[in-house]
Amino acid sequence: MNRPIVTRFAPSPTGMLHIGGVRTALFCWLFARKHGGRFILRVEDTDLTRSTDDNIRIIEAGMAWCGLDWDEGPVAGEPSRWVGPHGPYRQMMRMDSHYKPAVQKLLDEGKAYRCRCTREDIEARRAAVEAAGKVFQYNRGLDAGKGCRDKGFNGSIPAAVRLKMPESGDIVLHDLIKGDIAFPADSLDDWIIARTPDGADGIGVPTYNFCVVVDDVDMEVTHVIRGDDHVNNTPKQIALYAAFGHDLPAFAHVPMILGADGAKLSKRHGATSITEYQAMGFLPSAIRLALARLSWTPKIDGRAVETAEEELLTDAEMIQLFDLADVQKSAARFDMAKLEWMNQKLIQRATWQEIEPHLAAFMPDAWKTKPDDWKAKAIQCTQKGKNLKEMAGFLEFCWAAPTEFDEKAVEKFMTDAIKPVLREVVALEDYAHDALEAAFNRILEAHGLKLKDLAQALRVALCGKPVSPPIFDTMALLGREEVAARVGKWV
RNA sequence: GGGGCCAUCGUCUAGUGGUUAGGACACCGCCCUUUCACGGCGGCAGCACGGGUUCGAUCCCCGUUGGCCCUACCA
């Protein structure tokens, strides 16, 4: 009776991995991890026209990059392999083994029936009903008696299969986030569970709502956590569970993520695919945090997180604190500014070793040849950046001497008074931070100048512009020889 | 059209039948400072509207408006 918690994320490979999907996956993952359960990745590729292997790879890679590891599911990049006892985890590979027998069973038990209505039939009937100002429902209302429900057709002619839905009463969904939602049975009609097959007979490819239920039952999913755009599908699925005689899992429908203008998050709001966020230089940990905090308010001892410090939860804290009861019912707008803030904070908190593998992707090949202590310094002095891309930008001066110089800066800082000082700097040999500082103090005092004057002039010579990491770090990163070469041109 | 969901600062949100309606991000200002940043301090700003219930509603009920979802042999 004490079944382990099992959640699943079931994307359809019809395009990029959407940020909203990642959030749903994250909630499933957090919930499973919190309860020591299993998290399943299942690919819903029954949309024959849009599903592709490339899209499946994109999903696998996106999930892996986000750190959402799955206990059961496909082996990334290997279509014919999977881990877990309930495979395969791609629906098209489960046709003959799972779905068709399940459809046949319902047919045999009289809970479903073959429907020979063609699309054209249905369209004509729909038009007729709508012309009368009514809502079309298959075999109901004005369409009553026109469907195939009681015709008892066999499979001798290719036919779709419809589920017999209850005609009265309410189907109620006990949602862990939304509460109880009742759907009048008479608002639903007999829906198609299997499409018309191409061949002469048999059973066609089952539809989404059917496969989901068969899979969730087979995979022993205990908690169906998904986007609330599925709320209206749930009564159909509940009826199917009933037809099969299976217990219902718990349902939790998480609110949508909207764009800044309140419309559904789409391409025109900027980035929607997880890959784009990766390319913008966000840390996966920041994506997880930002996504989790959309619609979810962590409570510490019953009190919502308050300070900025508390907002910056680690994965371990999120897992420990996660509770569906603290998930909002309403949709949330995606706030890029907050993501950037979180990203910056997490960059500041991370060790250089944690950042390096992510930062490397934004670096030129020369990065790889640098020793660890150099990388450590380079990362430490750019951890003020908002994202990895910006950090990489701060280090551009390391890879090539500047070829262009900021005119205003040259005019302002490359004064005649500073040149003799620059000559003394070139002669310096000890580049340890404290040694440089001591030497600078001595030189500056002798010339009656301020550090600012020297530092800015050096920045112009070294970087071509008056902006760089702290000047002693900048010099150390370049090394004595390179500093001498770049400054030498000005004296 | 029908069905469903939702509604506190610009954004994410806390919250209670009586509160100066709290926090975070953003924004603005000041401070710090070797540049850019970081950081510190402070400030601006909100209960969608209309009815009820009540001594009293941001909170409870109804309605309106608005937003989103579903309404496929898509998922």
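Note on naming: letters A, B, ... go to the chains in the order of the sequence lines (proteins, then strands), and numbering restarts at 1 for each one.
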Given B:C74, B:C68, B:A24, which nucleotide is nearest the side-chain atoms of A:M256?
B:C68
With a 3.5 Å cut-off and no angle check, do the side chains of A:H447 and A:E424 form a donor-acceptor pair?
yes
Base of B:C38 relative to its sugar, syn (within 90° of 0) or anti?
syn
Closest contact, heavy atoms only, A:M219 versus A:P88
CE-O, 4.1 Å
Under-4.0 Å side-chain N/O to phosphate OP1/OP2 contact, A:R116 with B:C73:
no
Just the rounded figure in Å: distance from C1' of B:U33 to CG of A:D473.
15 Å
Does the B:C36 base have a donor-acceptor partner in the side chain of A:K384 within less than 3.5 Å?
yes
Audit row: A:D190, A:Y113, side-chain hydrogen bond (donor to acceptor under 3.5 Å, both in side chains) steps and yes/no
CA-CA 10 Å; A:D190 295 349; A:Y113 59 92; 2.8 Å; yes
Quick one: the side chain of A:D229 and the base of B:A75, do they pair up donor-acceptor inside 3.5 Å?
no
Base of B:C73, side chain of A:T196 - is there a donor-acceptor contact under 3.5 Å?
yes
A:D261 CG to B:G66 P, in whole Å, measures 17 Å
A:L291 CG to B:C25 P, in whole Å, measures 19 Å
Separation of A:Q137 atom CD from B:C70 atom C1', in whole Å?
13 Å
If you look at every strand shown and take non-hydrogen atoms under 4.0 Å, does A:C463 touch a base, only sugar-phosphate, or nothing?
nothing
Could you encode protein contacts along nucleotides 3-14 of chain B as a string, one character per nucleotide from 5' to 3', using B for base contact, S for sugar-phosphate-only contact and - for no contact, with a heavy-atom cut-off of under 4.0 Å?
BSSSS---BSSS
Find the distance A:Y208:OH to B:C73:C1' and express it as a whole number of Å.
17 Å
Protein-nucleotide distance (A:H18, atom NE2; B:A75, atom C1'), rounded to Å:
14 Å
Hey, does the side chain of A:T46 come within less than 4.0 Å of B:A75's phosphate (OP1/OP2), counting only N and O?
yes
Between A:A455 and A:V135, whichever has its closest RNA chain B nucleotide further toward 5' is A:V135
Under 4.0 angstrom between A:K345 side-chain N/O and B:G39 OP1 or OP2:
yes
Quote, to the nearest angstrom, the P distance that separates B:A7 from B:C60.
10 Å
With the side chain defined as heavy atoms from C-beta on, A:R126 is closest, among B:A75, B:A72, B:C73, to B:A72
Atom CG of A:L312 and atom P of B:A24: how far apart are they, to the nearest Å?
12 Å
Value in whole Å for how far the P atom of B:C36 lies from NZ of A:K386
14 Å
